[in-house]
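Notes follow once the structure below has been shown.
Residue numbering restarts at 1 for every chain, and letters A, B, ... go by the order of the sequence lines. Not measured: the values here are computed from a predicted model.
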Protein chains: 2
Amino acid sequence: MKEIEKTLENKSVRPTAMRILIYKYMAEKEIAVALTDIENAFAKADRTTLYRTLKTFEEKGIVHQIDDGTNISKYALCEPGCNCEIEQDLHLHFHCNNCDETVCLTEHKIPQVNLPDGYVAEDANLVIKGICEKCSGQ
Amino acid sequence: MKEIEKTLENKSVRPTAMRILIYKYMAEKEIAVALTDIENAFAKADRTTLYRTLKTFEEKGIVHQIDDGTNISKYALCEPGCNCEIEQDLHLHFHCNNCDETVCLTEHKIPQVNLPDGYVAEDANLVIKGICEKCSGQ
DNA sequence: GCAATAAATGCACTTCCGTTGCACGGTTTA
DNA sequence: TAAACCGTGCAACGGAAGTGCATTTATTGC
C-alpha cells in the first residue's frame with residue numbers, strides 16, 4: 001500500500017485516499033477501465049473527482065488514455081517501460097467483440113508505416129478487434 | 001448525376017434527392033465527413049434523415065465508418081476496391097492535428113500483426129496522427 | 001387512375017459521456 | 001494562526017448518438 005503512495009509521489013501526485021483507491025483498482029484490473037467503470041466500483045465517489053483524477057494521472061504519466069473504437073475513453077496504468085508521456089505510445093490494444101473488454105498488448109509495438117510525401121506522423125493508434133484469450137478458450 | 005443514381009441502385013439503395021445530394025457532397029469532399037459536417041452543408045435537411053442515410057449507406061457498402069480518435073464518427077465513400085462490407089477494411093487513416101481533417105490512405109494497408117495465443121483478430125483500425133500534406137507544405 | 005402499402009423524411013425527445021463553474025473543506029506553507 | 005493552495009462534491013451544460021411516432025413521398029396491386 002505504501003508502494004502506491006511512493007509511486008504517486010514519484011510522479012508528483014499527492015497520494016490522497018481517493019487516488020490510492022483508484023490506483024489500486026486499476027492495478028488489480030488487468031483491462032482498460034472507463035470512467036463509468038470506476039464510478040460503479042466506488043459508488044460513493046463523485047464523477048468529477050474520478051474524472052479529474054484520471055486527467056491528473058494522465059498528465060503525470062501514471063496512466064495512458066486508450067481509444068478502442070467504442071467512443072468511450074478508457075485508461076490503463078502505464079507499465080514501467082511505457083514512454084507515453086515522452087514519446088508517442090506505440091503499443092497496440094486489443095478490443096474483444098465478445099466481452100467488450102480492452103487490453104494493452106504492451107509487448108506488441110505498432111509497425112512502422114510509410115506515409116505519402118508531405119505527411120508527418122506524430123502519433124499512432126492501432127486497435128485490433130476480435131475475440132480475446134478468455135472468450136476464445138471457452 | 002445519373003451516375004450517382006446508378007451507383008445507388010446498384011447497391012440496392014433508392015436514389016432519392018436527399019441521398020443523391022449527400023453522395024455528391026461526400027464525393028466532392030476528399031476527406032472523411034462527420035454527421036455535423038453534412039448537417040451544416042445542408043441546413044434545411046433534418047439530422048435524423050442524414051443520420052439514417054449514413055446508416056443505410058454503411059449497411060449497403062457505399063460508405064465506411066471511420067473512427068479517427070476524435071470520438072466523432074466520420075464517414076467516407078468506399079473506393080471501388082474497398083471490401084469493407086465483405087472483409088475487414090484494412091486501409092489506414094490519417095488524422096491531421098492541425099486542420100483536424102481525416103483522410104483515407106486507401107493504398108496503405110494495415111500491416112499484419114502477430115497476436116498472442118488465444119487472440120483471434122476480426123478487424124483492425126489504425127489511425128496515424130500528425131501533420132497532413134496540406135498543412136506541412138505551408 | 002386509384003387505393004393500399006411500404007419507404008423515406010421530419011419533429012420531438014431521451015440518453016450517455018465528457019466537461020466546466022462554483023463552493024466547501026482539508027492540507028500545506030509562510 | 002492566517003493565507004494560499006489543492007482536492008473534492010454538487011450542479012449544470014453541451015455535443016453526439018440514438019429512438020418513437022407522425023407525416024409525407026414513392027411504389028405496388030387492382
Going by the salt bridge (charged side-chain N to carboxylate O under 4.0 Å, His left out) test, which pairs reach into residues 25-44 of chain A, not counting sequence neighbours? A:E39-A:R47
Contact nearer the 5' end of DNA chain C, comparing A:S73 with B:V13: B:V13
Without decimals, in angstroms, what is the distance between B:M18 CE and C:dA7 P? 21 Å
Letter per nucleotide, 5' to 3', of nucleotides 22-30 of chain C [B base touched, S only sugar-phosphate touched, - untouched; heavy atoms, 4.0 Å]: B--------
All side chain to side chain donor-acceptor pair (under 3.5 Å) counterparts of A:R14, not counting sequence neighbours: none
Ring pair (Phe, Tyr, Trp, His ring centres under 6.0 Å) contacts in which one or both residues fall within residues 2-24 of chain B, not counting sequence neighbours: none
Are the ring centres of A:H108 and A:H93 closer than 6.0 Å? no
Tell me who clusters with B:I131, hydrophobic residues only, linked when side chains sit under 4.5 Å apart either directly or through other members. A:V120
Restricting to side chain to side chain donor-acceptor pair (under 3.5 Å), what partner residues turn up for A:D46, sequence neighbours left out? A:T48
Using distance only, find each side-chain donor-acceptor pair of residues 68-78 of chain B under 3.5 Å and give its atom names and separation, not counting sequence neighbours.
from, atom 1, to, atom 2, distance (Å)
B:D68, OD1, B:T70, N, 3.0
B:D68, OD1, B:T70, OG1, 2.6
B:D68, OD2, B:K74, NZ, 3.0
B:D68, OD2, B:H95, ND1, 3.4
B:D68, OD2, B:T102, OG1, 2.5
B:T70, OG1, B:I72, N, 3.4
B:S73, OG, B:Q65, NE2, 2.7

Grab the CG-P distance between B:N71 and C:dC16 for me, whole Å please. 17 Å
Could you list the residues that satisfy side chain to side chain contact (heavy atoms under 4.5 Å, CB included) with B:Y51, not counting sequence neighbours? B:L35, B:K55
Can you give the first and last nucleotides of DNA chain D, 5' to 3', that have an atom under 4.0 Å from a heavy atom of chain B? D:dA16 to D:dT27
All side chain to side chain contact (heavy atoms under 4.5 Å, CB included) counterparts of A:P111, not counting sequence neighbours: A:L126, B:P111, B:V113
Applying a 4.0 Å non-hydrogen cut-off, can you work out what B:T56 is touching in the nucleic acid: base, sugar-phosphate, or nothing? nothing
Within a reach of under 6.0 Å around CG of A:N40, are more than 12 heavy atoms found that belong to other residues, nucleotides or ligands? yes
Residues at least two apart in sequence or cross-chain that pass side chain to side chain contact (heavy atoms under 4.5 Å, CB included) with A:T16, listed by chain then number, are A:M18, A:R19
Under 4.0 Å between a side-chain N/O of A:Y51 and OP1 or OP2 of C:dG18, yes or no? no
With the threshold set at under 4.0 Å for non-hydrogen atoms, list the residues of residues 33-49 of chain A touching DNA chain C in residue-number order. A:L35, A:T36, A:R47, A:T48
